[in-house]
Every structure is written in C-alpha cells, then in structure tokens.
Amino acid sequence: MEQASRGLAGLSKSYDPKPIEDKWYSKWLEDGIFKADPNSEKPAFSIVIPPPNVTGSLHLGHALDNTLQDILCRTRRMQGYEVLWMPGTDHAGIATQNVVERAVRNEGGNRRDMGREAFVNRVWEWKSEYGSRIIGQLKKLGASCDWDRERFTMDEGLSRAVRRVFVELYEKDLIYRGKYLINWCPRCLTALSDLEVEHRELDGHLYSVRYDFAGGGGSVTVMTTRPETILGDTAIAVHPRDERNRHLVGKSVVVPIIGRVIPVIEDNMVDPEFGTGAVKITPAHDPNDFLVGGRHGLEQISVMDDQGVMNENADKYRGMDRFEARAAIIEDLKGAGLLLDEIPHRHSVGHCYRCNTIVEPYLSEQWFVRTRPMADEDVASVKAGEIRFIPEQWTATYYQWMDNIRDWCISRQLWWGHRIPAWYCDDCGAVIVSADEPESCGCGSKRLRQDEDVLDTWFSSALWPFSTMGWPDETPELEKFYPTSVLVTGFDIIFFWVARMIMMGLEFMKKPPFADVYIHALVRDEHGQKMSKSKGNVIDPLVIIEKYGADALRLTLAALTLQGRDIFLSESRIETYRFFLNKLWNAARFALMNLEDAEHDIDAIDYGALRTHDLWIMTRVSSVAEEMTALSDGYFFGESARLMYDFVWGELCDWYLELSKPALKGEEGAARKRATQSVLYSVFRDVLKLLHPVIPFATEELWSAFGYGDTIIGRSSWPLAREVSGGDSAASAMESIQAVVRAMRSLRAEIKLPPQQEAPRMCVRIKDSSLYEHVLNNDDLIRLLSRVGKIELMPEGASKPEKSISYITGIWEIFFPVGDLLDTDKEIARLSAESAKLAKDAERISRKLENKNFIEKAPAEVVEHDREALADAESRIRRIEENISGLR
RNA sequence: GGGCGUAUAGCUCAGCUGGUUAGAGCACCUGCCUUACAAGCAGGGGGUCAUUGGUUCGAGUCCAACUACGCCCACCA
C-alpha cells in the first residue's frame with residue numbers, strides 16, 4: 001500500500017481538473033492500458049471509432065460519440081475483456097480538397113495550375129500538419145483508444161483493401177460503369193451520390209409554356225419550373241390513357257426559342273391530373289425524363305457545361321450562367337407570347353452537402369455499385385437479429401432506405417482520394433480493372449491511362465471495420481476482434497456509413513461488422529436549435545474542457561443521453577455536473593481526512609463493530625454495483641450516470657457521511673472508529689470504480705489519494721454485488737431512522753427553529769412497537785441529525801405532550817413540544833389540510849374496494865395493498881383529528 | 001406522398017413489461033457560512049400527464065383518432 005500517496009497532500013479544497021487530467025492521461029499511455037492484445041485469452045470487446053475527418057476539429061457530436069465509446073471500453077476493460085478501440089481518421093475527399101484548395105487560393109495559387117501531383121502532395125503536407133489535431137483533442141477528452149493502431153483511410157494498407165474490394169465487386173458485376181444522369185455539383189465539379197444531395201424547399205415559379213404544332217393549327221401547353229431546360233427538350237409526353245390529350249399523340253411540336261421539332265409520345269410516368277396532362281421531356285436534365293428518354297430512345301441534349309454555364313447547344317444563351325439563362329429565356333418567352341402563365345411555386349431543390357451549391361442533374365460517365373443484390377442479404381441479416389439497432393426504432397429507418405435503395409454512384413471528379421483502379425487502353429479501348437497497375441493491355445499495347453477519378457470517401461469508410469484490422473490479410477486482429485461488438489454513432493450517418501459497412505462486411509467477411517449499433521442523439525443548444533457557426537450558438541467542447549474539465553463534460557453528456565432523444569446542452573447544465581464532481585471530491589476529502597494512516601481493507605472490517613448505517617451503506621453499494629452492470633449492458637448511459645449521481649449525493653453524502661461523523665471523531669470508541677474507517681475505505685473503492693468509466697480523471701486522482709493498492713484504477717476490476725449479512729434488516733432500520741429524522745426536521749422548520757439551536761425533546765409514538773428498537777439503537781444518531789436533546793418513546797395509551805406540534809406518517813407519530821411558540825390556529829390549519837387530503841385519498845381507495853370487479857379480478861396482493869392503504873389513511877386521519885381536538 | 005419521433009411542474013427531462021399519494025435537476029420560496037463541500041445544508045410551494053374516444057376491475061403507461069411540433073426518405077413536371 002502506498003502510504004505516502006494517501007491523504008490530503010495533493011487534494012485541493014475544491015475540485016480542480018487542471019492539474020490532474022494531462023498527468024493521468026500520460027500515465028495511462030505510459031502504462032499501455034489502452035493496448036489491445038490479439039493473442040489474449042480474455043474475451044474480446046471491440047469498437048472501431050467513427051473516423052473523424054482529418055480536416056475536423058472536435059465538436060460536441062464527436063465529444064458525445066467518443067465519450068460513450070470510452071465509457072463502454074473502460075467498463076469492459078474493468079470487467080475483464082480484452083478491449084480494442086480502434087482509432088483513426090477519414091481522408092474526407094471533397095471536404096479536405098475544398099479546405100486545401102481554399103488555402104492554395106489564399107496564397108494566390110490555384111489547383112489547376114499546380115497540377116494533380118503537386119496538389120495531392122500539398123494535401124498530404126496539410127494532412128501531416130493538421131491531421132493529428134483532432135487526435136490530440138480526443139485525447140484531451142480522455143478517449144482510451146489503442147493509439148498505436150491509428151489508421152487513416154488513405155494509408156497504404158487501407159488503400160490496398162479499397163482496390164481489392166473494387167476489383168472483386170467489378171468481377172462479380174457489382175460495379176459497373178456507364179453514362180447516366182447523376183447529381184453534379186457545378187462548384188465542386190464532381191458527381192455526388194443521391195445521399196450527398198440535400199433537398200431544401202425553395203420558392204420558385206411554375207411557368208406555363210405554349211408549344212405550337214409543327215404544321216400549325218394548334219398547340220400544347222406544358223409546365224416547368226426550369227425554363228432553361230427547354231433548350232434540351234426532345235419530346236412532349238402524355239399519359240396513354242389520358243382521353244383529354246389522346247389527340248396529341250403522334251403530333252410534332254416546335255420547341256420554343258430554339259425551334260427544334262419534337263414528337264408527342266405516351267408514357268406512364270405522366271400524371272394526367274397534373275396541369276394540362278402534358279409534360280416536356282428533357283432527358284439530359286431531369287432524372288425522370290432521363291428514364292422516359294431511355295424507354296423511347298430519345299436524344300439526350302445537354303445544354304450546360306460542368307460549371308452550370310450554358311453550352312453550344314444553348315444557342316444565343318451560350319456562355320450565360322444557368323440562372324441568368326433562365327431569366328433571359330423567361331423574358332424571351334414573354335416577348336414571343338409563349339409564356340401563358342407564371343405562378344409562385346414552392347418546391348424541393350437539391351443542394352451540395354459540402355458547399356451548398358444547387359446541384360444539377362448532369363449526364364456523364366460514372367462508376368456505380370449495384371446495390372440491390374447485396375441489399376437483400378443485408379436486410380435479411382438485420383431481420384435475423386445478427387445486427388441489432390439500439391434504440392430499436394432505427395431498424396425501421398434502415399429498412400425503409402434499404403428497400404428503396406438505388407445504385408450508388410462512387411466516382412468523384414476530385415484529386416484527393418483513392419484513384420479508381422481502372423485503366424483504358426488507348427489502342428484497343430479495353431478497360432482493365434486491377435488492384436495493381438497493369439504493365440500492358442491484352443492487345444499488347446503499353447499505352448494505358450488510369451481513370452482520372454477517385455472514389456467516394458464513403459467507399460473506403462465502408463470497409464473500416466475490417467480494413468483497419470489488416471484485411472485482406474488474415475491477421476490475428478481480425479481473428480480476435482472481428483466482428484466488432486458495437487458501433488456507436490449518430491443517426492445522420494446510418495445510410496452513408498452504417499448501411500454500407502453492413503453491405504461490405506457481409507460481402508467480404510461473410511459476417512456483419514458489428515453485433516450492436518448504438519445510435520445516439522444529436523447535440524443541440526439549450527433551445528433545441530442545431531448548433532452552427534452562423535447562428536453563433538456553438539458550444540466548443542475544448543473551451544468547456546478548459547473551463548470545467550473533461551470529466552464534467554463527459555458526465556454531462558452521459559447523463560443527458562437518454563435513449564432516442566436529442567440532447568439540449570447548455571453551460572448551466574454542465575455546471576450542475578461539475579458541482580457533482582466537487583461534491584464527490586469533497587466527500588472523498590472528508591473520508592481521507594478521517595482515514596488517517598491505518599490500513600482499512602474490507603477484509604479487516606470488524607463486523608461486530610458495525611452499526612445499522614454501516615451495514616446499510618454496504619448493502620446499497622452492492623446493489624448499486626449490480627444495477628450499474630445491468631445498465632451498462634443495456635447502453636443506459638443516462639440512467640447509470642443518474643443512478644451514481646443520486647446514490648453518491650443523496651445516500652452516501654447526505655446520510656452515511658453525516659452518520660459516520662461521531663464514530664470518526666472517536667466518540668463511539670476505538671473499535672467503532674476503526675470499523676467506520678474500513679467501511680469508508682471500502683465504499684469509496686467501489687464508488688470510484690463505478691464512476692471511473694464516466695469520469696476517469698477525477699476517479700484516478702482520488703484512487704491514488706486513497707492509495708488502493710499499487711495499481712491504477714484503470715487496471716482495477718469492476719465491482720460485483722456482495723452479500724452483506726444483516727444488510728436487509730439494516731436497510732429497514734435505516735428507513736425508520738430517516739423517517740424520524742425527516743419528520744423532526746420538518747417540524748423544526750415549521751416553527752423556524754434555527755439549525756444550530758437544539759430542540760429540548762421530541763416524542764415518538766409508533767404503531768409497530770418492534771420498530772422502537774431501531775430508535776433506541778440509534779438514539780444518538782437521530783438526535784444528532786435532527787438536533788434534538790432527548791427522544792421520548794411513548795408507551796401505548798400515553799396521551800400526546802402538551803403544546804406540541806405533530807408530524808404523522810403511516811407508521812410514526814412525532815411530537816415536538818414547542819411551549820409558548822405554539823401557534824394553535826396555524827397548527828390546526830396545517831393539520832386540517834393534511835387531514836382533508838388524506839380523506840380524499842381514503843375515499844378514492846374505498847370506492848375502489850367497493851367495486852366487486854376489482855376485488856374479483858385484481859391480483860390478491862394489489863387488493864391487499866389497497867386495503868392496507870385505506871386502513872393507513874383512516875388511521876392517520878383519526879390520529880390527526882385527535883391532535884386537532886387536543887389543540888382546541 | 002411514404003416513414004419515424006415527441007407532447008408529463010416555469011425550463012430540461014425520468015416514469016421498464018398497466019396496480020401505493022406521478023419523480024429528478026435547474027428555477028422559485030423559507031431558514032442556515034452546522035470545520036468535507038455556500039459549487040453547500042435543511043425544509044417547502046408547484047403538474048386534472050396535449051385533446052377525444054376505446055380496451056380493462058384499474059391507463060401518464062396499451063389501442064385508435066385528432067391537434068401541434070420535429071426529423072428522415074421520395075423522380076409530381
């Protein structure tokens with residue numbers, strides 16, 4: 001035992017996280033307690049971190065996500081598991097490229113001038129300079145990752161996994177290339193997947209435009225929100241069973257402005273009820289029209305370039321921006337008398353999730369993952385319970401998306417990312433997909449060009465659970481730690497990430513990547529608003545850590561994590577939990593002040609010297625440990641934080657520490673003092689352990705102050721429930737003590753007797769005289785806590801003391817003789833109110849008991865319970881009334 | 001258009017498989033610097049559980065409808 005380190009020497013009077021957090025984090029790293037050993041005999045517990053973007057800085061979402069993961073990992077370590085928490089970062093294609101591009105522009109350069117190689121080198125430089133920033137911030141938070149294993153999605157190993165997966169999917173015909181209408185960001189100049197497009201409602205207009213028949217003699221009117229696409233129209237469509245427009249089919253009409261003659265066709269896609277029932281078809285600029293065009297072999301005419309500028313097909317609008325062109329075309333249509341109507345129209349418009357530019361449906365050659373064949377297997381796996389979403393409601397969300405899943409566009413026209421492992425032969429036009437660079441084409445040509453595009457960032461993150469463990473090699477890590485135990489993440493990336501990990505995990509590992517998916521809430525501000533820089537309501541976790549300490553932030557986040565709810569965070573809430581840390585700190589200081597230098601191990605406890613409250617607190621610790629284990633297994637973070645909060649504050653501090661004071665002062669003799677010290681020593685050991693996963697720094701510091709053996713708390717074992725002999729009867733005796741003390745305190749407050757002033761005496765009467773024993777045995781303690789000189793037990797039939805006020809519970813009657821301080825009217829009023837309230841209860845219960853159905857159908861114990869409750873209420877009323885008449 | 005979630009004290013939320021008098025923190029009121037802690041202690045006020053029906057002996061809890069708010073998905077021009 002480290003006597004030297006025990007005591008108050010290092011403990012400040014109030015809790016101050018500053019001097020302890022960095023110190024202990026370094027110690028943990030030094031001792032290697034976060035290291036995972038794949039050859040361990042212990043059962044495995046593993047988590048892969050949702051890799052933060054290398055560009056990122058720690059925000060509250062990360063803080064929450066990683067606090068929860070850390071709580072799980074630290075608990076499991078103490079429970080004897082071999083824990084792997086795999087850390088790393090994501091290269092975050094578009095986001096990172098944008099950041100570095102901006103930096104280059106600020107220096108007066110530009111990406112195109114630099115060229116691909118120089119630019120990519122520049123991003124790597126940037127990554128090596130700033131990429132570790134977020135890792136350092138996670139350490140500040142206390143994250144117990146196995147840092148030696150830190151991975152990056154563009155590491156050589158992970159890149160190899162990416163190429164391997166691409167090639168295998170291609171060979172299985174699950175990846176294909178083709179010219180389709182995709183979502184295009186005219187600012188990022190890249191294709192986006194459907195998920196990367198955010199739809200927002202915007203106010204626009206619905207324009208009615210007249211298309212005249214080619215030979216004259218009539219016209220058809222169509223509606224559009226995007227008149228600039230008129231230039232790319234290649235048909236007008238009506239519904240096949242639309243009587244109203246039947247006569248139009250087969251006619252030719254003239255596209256306004258541009259004069260192209262196009263046919264009127266029939267297609268089921270058209271809603272005959274909408275507008276005139278005729279719709280213009282622009283295969284190159286609308287996803288729906290693209291499909292119609294495909295069915296009818298229509299020409300696809302792009303009228304814009306990749307930057308959203310009108311191109312050579314746009315006639316006189318060439319060179320105009322798409323929105324300028326829209327305005328110009330509207331004017332021209334008006335001028336030509338072809339614009340028949342213009343009504344305000346609110347509709348949903350796609351925006352780039354990275355730069356918020358309005359996305360353009362754009363025709364281009366891209367790579368896709370064929371998701372349907374894999375999706376069915378994924379859903380089956382979840383349905384079979386191989387993967388469990390917690391809270392369960394997210395399963396429905398997952399299914400809904402998977403049931404409607406569409407092919408995933410994975411190519412991006414960026415420079416930063418995994419380059420697509422496909423080569424094109426300049427001589428024979430062959431496409432070679434290969435994990436390694438081919439030397440020559442099958443035709444013998446050496447003129448091979450690699451595809452210019454890179455893969456969607458989410459392609460590599462989909463492989464994260466196994467790529468980080470060394471796949472495609474067969475490694476001890478995969479053997480030991482795959483599948484992982486649980487994935488902890490926010491619902492915002494269920495589709496982006498979770499669904500795709502399941503897809504790739506099942507496809508390549510034949511096993512789902514995790515057993516549980518714990519989906520936590522989003523952190524919002526105190527008014528429920530999403531935090532954003534523009535709103536100025538962002539709470540920076542690093543500022544909070546600086547001000548309140550990492551433990552306070554962690555405890556707050558954990559306590560506010562109730563399943564399936566958003567978290568509304570404010571500084572005042574963090575303060576509440578910082579106060580708790582201070583409470584714990586001071587309780588520990590109190591214990592340490594009184595432990596002195598003796599050894600007080602639990603085995604040394606002299607059971608014969610224990611009193612009611614000692615046995616009670618020991619029993620309580622045991623059952624709290626049991627509850628904590630269950631709550632932890634069920635991912636009840638908020639509940640377990642609150643349990644500890646209530647137990648430490650409301651039971652340990654408010655009752656036990658107060659009751660232990662006389663013994664610690666030596667007033668109960670040497671044996672009692674020693675026994676009490678031992679109890680304190682043992683109780684704090686378990687309490688610190690139970691709190692350690694949530695508040696690792698403070699508990700480690702206190703652990704060392706107590707000098708519990710020579711190990712650090714991070715290596716100690718999780719407390720188990722312990723049988724305490726005599727614990728049950730101590731618990732019921734404690735109830736008596738608390739009932740009497742609370743009653744007397746309440747009576748004191750009634751006459752505003754100052755706490756320091758001792759009340760001369762109180763009288764106690766009780767229905768069940770066997771409980772007198774509890775009062776007699778703890779007379780000293782009850783008097784101490786209620787500041788009363790003398791407790792008189794009233795024998796049966798004794799009349800109540802003169803000039804006293806009373807507090808009547810179901811079991812106890814407490815009388816406080818107050819002499820001339822008695823305000824008879826006030827006391828009568830108080831008691832009458834109490835009596836009236838009880839009378840209402842009694843009436844309700846007796847009505848219930850008069851109900852035959854209730855007596856017959858309700859379980860016997862419920863009926864019995866109500867009978868007792870009624871008798872109890874009636875007896876209280878009777879006694880209160882007696883008191884009232886005594887006062888008169 | 002489809003799916004999901006939430007309505008309980010002034011605020012933020014607990015309340016598990018229906019069964020004592022619906023709880024906590026903050027805020028509020030009263031009295032206390034009682035040598036672990038004023039970041040504290042003790043006592044107290046405050047809710048017809050959104051609305052309406054239904055199931056049941058019994059509903060904050062289960063079911064339906066309705067209202068309000070929020071979120072996700074979707075190719076109505």
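As a basis for the values below, the full set of heavy atoms in this structure was taken, side chains included, without hydrogen atoms, waters or symmetry mates. Each chain gets a letter, A, B and so on, in the order its sequence line appears, and its residues count up from 1.
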**Student:** Pairs under 3.5 angstrom only: tabulate donor-acceptor contacts from the side chains of residues 267-291 of chain A to other protein residues two or more places apart or in another chain.
**Tutor:**
unit_1, atom_1, unit_2, atom_2, d
A/D267, OD1, A/M269, N, 2.8
A/D267, OD1, A/R295, NH2, 3.0
A/D267, OD2, A/R295, NE, 3.0
A/D267, OD2, A/H296, NE2, 2.8
A/D271, OD1, A/E273, N, 2.9
A/T276, OG1, A/T221, O, 2.5
A/T276, OG1, A/A278, N, 3.3
A/K280, NZ, A/T229, OG1, 2.8
A/K280, NZ, A/D233, OD1, 2.7
A/K280, NZ, A/T282, OG1, 2.8
A/T282, OG1, A/D233, OD1, 2.6
A/H285, NE2, A/V303, N, 2.9
A/D286, OD1, A/N288, N, 2.8
A/D286, OD1, A/D289, N, 3.0
A/D289, OD2, A/T282, N, 2.8

**Student:** Please examine the side chains of A/Q677 and A/L680, heavy atoms only from C-beta on, and report whether any two atoms are closer than 4.5 Å.
**Tutor:**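 No - every pair of side-chain heavy atoms lies 4.5 Å or more apart.
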**Student:** In whole angstroms, how far is the P atom of B/A77 from the CG atom of A/D341?
**Tutor:**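 Distance check: A/D341 CG to B/A77 P gives 16 Å.
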**Student:** With a 3.5 Å cut-off and just heavy-atom distances, do the side chain of A/R876 and the base of B/U21 make a donor-acceptor pair?
**Tutor:**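 When only heavy-atom distances are counted, A/R876 does reach the base of B/U21 through a donor-acceptor pair under 3.5 Å.
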**Student:** Examine the side chains of A/E575 and A/S572 and answer whether a donor and an acceptor come within less than 3.5 Å of each other.
**Tutor:**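 Looking only at side-chain atoms, A/S572 and A/E575 do not form any donor-acceptor pair under 3.5 Å.
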**Student:** Rounded to the nearest Å, what distance is computed from the CD atom of residue A/Q757 to the C1' atom of nucleotide B/C41?
**Tutor:**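 A/Q757 atom CD is separated from B/C41 atom C1' by 18 Å.
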**Student:** Figure out the NE2/P separation between A/H239 and B/A77, and round it to whole Å.
**Tutor:**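 That distance rounds to 18 Å.
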**Student:** Tell me what A/K661 touches on the nucleic acid: a base, only sugar-phosphate, or nothing, going by heavy atoms under 4.0 Å.
**Tutor:**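 Base contact - A/K661 has a heavy atom under 4.0 Å of at least one base atom.
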**Student:** State the pairing partner of B/G1; accept Watson-Crick or G-U wobble contacts with both distances under 3.5 Å, and report none otherwise.
**Tutor:**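 Its partner is B/C73.
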**Student:** Going by purine N1 to pyrimidine N3 plus the second Watson-Crick contact, or the G-U wobble pair, all under 3.5 Å, which nucleotide sits opposite B/G47?
**Tutor:**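 Answer to the pairing question: none, since B/G47 forms no Watson-Crick or G-U pair.
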**Student:** In whole Å, measure the gap between the P atoms of B/G40 and B/G3 for me.
**Tutor:**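 Straight-line distance between the two P atoms is 49 Å.
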**Student:** Paired with B/A7: which nucleotide, if any, by Watson-Crick or G-U wobble criteria at under 3.5 Å for both distances?
**Tutor:**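 Paired with B/A7, as far as the under-3.5 Å criterion goes, is B/U67.
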**Student:** All N/O contacts under 3.5 Å from nucleotides 56-62 of chain B to the protein, with atom names and distances to one decimal?
**Tutor:**
unit_1, atom_1, unit_2, atom_2, d
B/C57, OP1, A/K857, NZ, 2.1
B/C57, O2', A/N851, ND2, 3.0

**Student:** May I ask you to decide if A/K13's main-chain N or O and A/R589's side chain share a donor-acceptor pair within less than 3.5 Å?
**Tutor:**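 Present.
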**Student:** Around atom CD of A/E626, are there more than 12 heavy atoms from other residues, nucleotides or ligands closer than 6.0 Å?
**Tutor:**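 Not more than 12 within 6.0 Å, no.
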**Student:** Can you tell me the distance, in whole Å, between the CD atom of A/E639 and the C1' atom of B/G23?
**Tutor:**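 So the CD-C1' distance, A/E639 to B/G23, works out to 14 Å.
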**Student:** What about A/Y577 and A/Y645, are their ring centers closer than 6.0 Å?
**Tutor:**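 Between A/Y577 and A/Y645, the centre distance is under 6.0 Å.
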**Student:** Which donor-acceptor pairs under 3.5 Å do side chains of residues 839-847 of chain A form with protein atoms, sequence neighbours excluded?
**Tutor:**
unit_1, atom_1, unit_2, atom_2, d
A/E843, OE2, A/R847, NH1, 2.9
A/S846, OG, A/A842, O, 3.1
A/S846, OG, A/E843, O, 3.1

**Student:** Quantified in whole Å, what is the P atom distance between nucleotide B/G23 and nucleotide B/G31?
**Tutor:**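 The answer is 27 Å between these two P atoms.
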**Student:** Taking atom P of B/U12 as reference, at what distance in whole Å does atom CD1 of A/I539 sit?
**Tutor:**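 Those two atoms, CD1 and P, are 15 Å apart.
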**Student:** Among side-chain atoms of A/E750 and A/Y807, is any donor-acceptor pair under 3.5 angstrom?
**Tutor:**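 No.
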**Student:** Which letters describe nucleotides 24-31 of chain B, given B = protein heavy atom under 4.0 Å from base, S = only from sugar-phosphate, - = neither?
**Tutor:** -S----S-
**Student:** Which atoms of nucleotides 69-75 of chain B (N or O only) lie under 3.5 Å from a protein N or O atom, and what are those distances?
**Tutor:**
unit_1, atom_1, unit_2, atom_2, d
B/C75, OP1, A/R406, NH1, 3.3
B/C75, OP1, A/R406, NH2, 2.9
B/C75, O2', A/N288, ND2, 2.5
B/C75, O2, A/N288, OD1, 2.5
B/C75, O2, A/N288, ND2, 2.8

**Student:** What contact category does A/R748 fall into here, base, sugar-phosphate, or nothing, at under 4.0 angstrom with non-hydrogen atoms?
**Tutor:**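 Touches nothing.
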**Student:** Touch check for A/K13, heavy atoms < 4.0 angstrom, all strands: base, sugar-phosphate only, or nothing?
**Tutor:**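 Sugar-phosphate contact only - A/K13 comes under 4.0 Å of backbone atoms but never of a base.
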**Student:** Is it the case that the ring center of A/W394 lies less than 6.0 angstrom away from the ring center of A/F389?
**Tutor:**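 No.
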**Student:** Answer yes or no: is there a donor N or O on one side and an acceptor on the other, between the side chain of A/T699 and the main chain of A/I695, under 3.5 Å?
**Tutor:**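 Such a contact is found between A/T699 side chain and A/I695 backbone.
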**Student:** 5'-most contact on RNA chain B: A/V862 or A/V270, nearest heavy atom basis?
**Tutor:**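 Whichever sits nearer the 5' end wins; that is A/V862.
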**Student:** Can you tabulate the close N/O pairs, meaning under 3.5 Å, that link protein atoms to atoms of nucleotides 42-50 of chain B?
**Tutor:**
unit_1, atom_1, unit_2, atom_2, d
B/G44, OP1, A/S746, OG, 3.3

**Student:** Taking only the side-chain heavy atoms of A/H345 (C-beta and beyond), determine which of B/U34, B/C37, B/A77 contains the nearest atom.
**Tutor:**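 Shortest atom-to-atom distance from the side chain points to B/A77.
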**Student:** How about A/Y353 and A/E198: does a side-chain donor come under 3.5 Å of a side-chain acceptor?
**Tutor:**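 Side chains of A/Y353 and A/E198: no pair found under 3.5 Å.
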**Student:** Hey, which sits more toward the 5' end of RNA chain B by its nearest nucleotide, A/C653 or A/T224?
**Tutor:**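 Counting from the 5' end, the first nearest nucleotide belongs to A/C653.
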**Student:** The side chain of A/T225 lies closest to which of these nucleotides: B/A36, B/C32, B/A77?
**Tutor:**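 Out of B/A36, B/C32, B/A77, the nucleotide with an atom closest to A/T225's side chain is B/A77.
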